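Convention: sequence-line order gives letters A, B, ...; per-chain numbering from 1. Please read all numbers here as calculations on a predicted model, not as lab measurements.
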Protein chains: 2
Amino acid sequence: MSQMQNVERQLREMILGLEIGPGERLTERWIESRFGASRTPVRAALLRLETEGLIARDGRGWTVAPINLAELGQIAVYREAVEVAAVRLTAALEDRGGIELIAAMLDSCDAETPREEWHRVGLDFHIELARLSGNEFLFRAVRDAMTRLSRARWLEVRDEKALGRAWAEHYAILAAVRSGDAEQAAQLLSAHIAGSRDRLVTSLHDDRRGLRARGFAVVAA
Amino acid sequence: MSQMQNVERQLREMILGLEIGPGERLTERWIESRFGASRTPVRAALLRLETEGLIARDGRGWTVAPINLAELGQIAVYREAVEVAAVRLTAALEDRGGIELIAAMLDSCDAETPREEWHRVGLDFHIELARLSGNEFLFRAVRDAMTRLSRARWLEVRDEKALGRAWAEHYAILAAVRSGDAEQAAQLLSAHIAGSRDRLVTSLHDDRRGLRARGFAVVAA
DNA sequence: GATACCAATTTGGGATACCACACTGGTATT
DNA sequence: AATACCAGTGTGGTATCCCAAATTGGTATC
């Protein structure tokens with residue numbers, strides 16, 4: 001594994017894991033010393049992470065992208081467009097066996113599963129469902145959108161009931177895809193994304209003071 | 001303007017303008033000497049153009065992305081998803097005055113307009129229509145998709161009639177958006193994209209020997 | 001003539017030195 | 001006390017050097 005990919009991966013994990021808070025300033029020299037690489041791979045990593053939307057230019061420098069509530073709403077609309085298109089393709093496939101792997105993924109989460117894992121599987125559900133469509137562009141769009149949503153979803157205050165409801169919706173979507181009912185899968189997925197967006201934005205909006213108290217930059221809708 | 005942006009812009013123009021053919025090898029040193037910049041901005045430009053899909057890694061090196069007929073089909077599906085979502089949003093806006101600027105853009109093309117300009121306006125129509133939606137993600141998705149399609153559309157063998165038909169469809173879409181009929185706008189746009197894809201893939205497929213004779217790498221569907 | 005092999009060259013990946021510019025903190029002037 | 005100014009410090013942007021690995025071209029061997 002090259003240094004370039006190493007720095008990119010580690011820095012991404014630190015940002016997604018909120019070890020570096022939204023809005024925090026980044027300097028190439030700090031990253032350089034932090035990961036023991038020189039500025040060349042550091043700059044490559046920064047350029048890549050910029051296109052992922054995880055970091056942004058701040059004048060001449062770099063900052064970790066803030067949590068932007070308006071952006072979350074726009075991403076939800078974008079997600080709906082691409083995820084629904086993907087799930088329609090998937091439901092129309094002759095071989096839809098791949099969804100059983102996704103169902104198994106959901107099954108792997110139980111009461112003893114750590115929250116971190118629920119979070120990851122909740123993202124991967126949508127990503128893998130899009131991958132099944134076979135359309136590389138829809139897949140990448142979903143993956144990138146979920147990456148951007150990742151931190152916000154982690155900060156979301158979720159209760160057990162909300163998580164159970166989300167999982168039930170996931171299973172319902174899978175069932176529709178399994179039976180080849182593209183229309184129902186599309187409708188269930190649309191509703192799921194809209195509900196997910198509402199819960200997310202509400203949660204972050206209500207908790208925005210707490211987030212700011214933790215030093216996280218939160219941009220209002 | 002910094003060297004970094006300069007190299008990126010000039011190299012992108014050379015690729016999109018087919019001054020460097022699809023499939024051609026690129027070396028950082030050649031770009032460096034060609035544009036009088038050092039390798040640092042060259043590498044930044046390459047990383048950015050890679051995410052745009054205009055260049056790709058070839059083992060350790062770089063090549064200009066080939067024309068990929070299978071990819072063109074996938075992009076059409078992707079385009080349809082995001083463009084239709086965008087046009088639905090636009091048709092639902094209270095202030096849809098922005099579409100008159102787009103109509104003026106179409107009007108500016110007449111019999112004496114060079115082909116190059118028709119090509120550019122044909123791309124910009126879709127990009128600007130998506131921009132009107134106000135959704136940054138849908139806009140970027142459409143812009144990036146059209147960028148990827150740009151070279152293939154330039155190579156397309158188009159007759160006057162096909163162009164006139166495309167323009168008529170553009171006007172019809174605008175009319176539907178202007179009247180606020182999201183459903184019709186969506187249907188017209190879907191049909192337009194599907195037709196555009198069919199003509200494009202057919203044209204390139206029929207002409208693939210000619211393209212290869214020009215040294216352009218064409219990957220079959 | 002085909003092939004295995006080796007040295008020279010070229011490549012991208014990385015490290016580092018230097019620069020222009022922005023920002024900071026303090027100082028001198030009013 | 002307020003402000004204009006200026007040197008000092010740190011930043012990202014750029015150029016350049018080094019390196020390991022891959023490619024290449026020729027040569028010796030069979």
K.L.:
Just the rounded figure in Å: distance from C1' of dT11(D) to CZ of Arg60(A).
P.N.:
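Those two atoms, CZ and C1', are 5 Å apart.
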K.L.:
In terms of ring plane angle, is the pair His126(B) and His170(B) parallel, tilted or perpendicular, where the classes change at 30° and 60°?
P.N.:
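Judged by the thresholds at 30° and 60°, the geometry between His126(B) and His170(B) is perpendicular.
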K.L.:
Taking any heavy-atom pair under 4.0 Å as a contact, classify Thr27(A): base, sugar-phosphate, or nothing.
P.N.:
sugar-phosphate
K.L.:
Leu26(B) near the nucleic acid: base, sugar-phosphate alone, or nothing, with a heavy-atom cut-off under 4.0 Å?
P.N.:
sugar-phosphate
K.L.:
Using whole Å, report how far CZ of Arg29(B) lies from P of dT23(D).
P.N.:
16 Å
K.L.:
If dT11(D) has a Watson-Crick or G-U wobble mate with both distances under 3.5 Å, name it; if not, just say none.
P.N.:
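Answer to the pairing question: dA20(C), which forms a Watson-Crick or G-U pair with dT11(D).
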K.L.:
Compare all side-chain heavy atoms of Leu174(B) with those of Leu129(B) and state whether any distance is below 4.5 angstrom.
P.N.:
yes
K.L.:
Nearest-nucleotide wise, let me know which of Gly61(A) and Thr40(A) is further upstream toward the 5' end of DNA chain D.
P.N.:
Gly61(A)
K.L.:
Considering only heavy atoms from C-beta outward, does the side chain of Arg143(A) approach that of Arg131(A) to under 4.5 Å?
P.N.:
no
K.L.:
dT16(D) C1' sits how many Å from Arg43(B) CZ, rounded?
P.N.:
13 Å
K.L.:
What does Ala37(A) touch in the nucleic acid at a heavy-atom separation under 4.0 angstrom: a base, only the sugar-phosphate, or nothing?
P.N.:
sugar-phosphate
K.L.:
Without decimals, in angstroms, what is the distance between Glu28(A) CD and dG10(D) C1'?
P.N.:
12 Å
K.L.:
Send over the distance from Glu8(B) CD to dT14(D) P, rounded to a whole Å.
P.N.:
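Rounding to the nearest Å, CD of Glu8(B) and P of dT14(D) are 12 Å apart.
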K.L.:
Please give, in whole Å, the distance from dG13(C) C1' to Leu47(B) CG?
P.N.:
11 Å
K.L.:
May I ask you to say whether Arg48(A) pairs ionically with Glu52(A), meaning some side-chain N is under 4.0 Å from a carboxylate O?
P.N.:
no
K.L.:
Once you round it to whole Å, what is the distance between C1' of dG14(C) and CD of Glu32(A)?
P.N.:
11 Å
K.L.:
What does Arg25(A) touch in the nucleic acid at a heavy-atom separation under 4.0 angstrom: a base, only the sugar-phosphate, or nothing?
P.N.:
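Answer is nothing: Arg25(A) stays at 4.0 Å or more from every strand.
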K.L.:
Examine the base of dG12(C) for any acceptor or donor lying under 3.5 Å from a partner atom in the side chain of Arg57(B), and report the outcome as yes or no.
P.N.:
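It does not, because no donor-acceptor pair links the side chain of Arg57(B) to the base of dG12(C) below 3.5 Å.
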K.L.:
Rounded to whole angstrom units, what separation is found between the CH2 atom of Trp62(A) and the C1' atom of dG10(D)?
P.N.:
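Value for this atom pair: 17 Å.
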K.L.:
Consider side-chain contact (heavy atoms from CB on, under 4.5 Å). Of Leu46(B), Thr63(B), Ile20(B), which one does Ile55(B) pass it with?
P.N.:
Leu46(B)
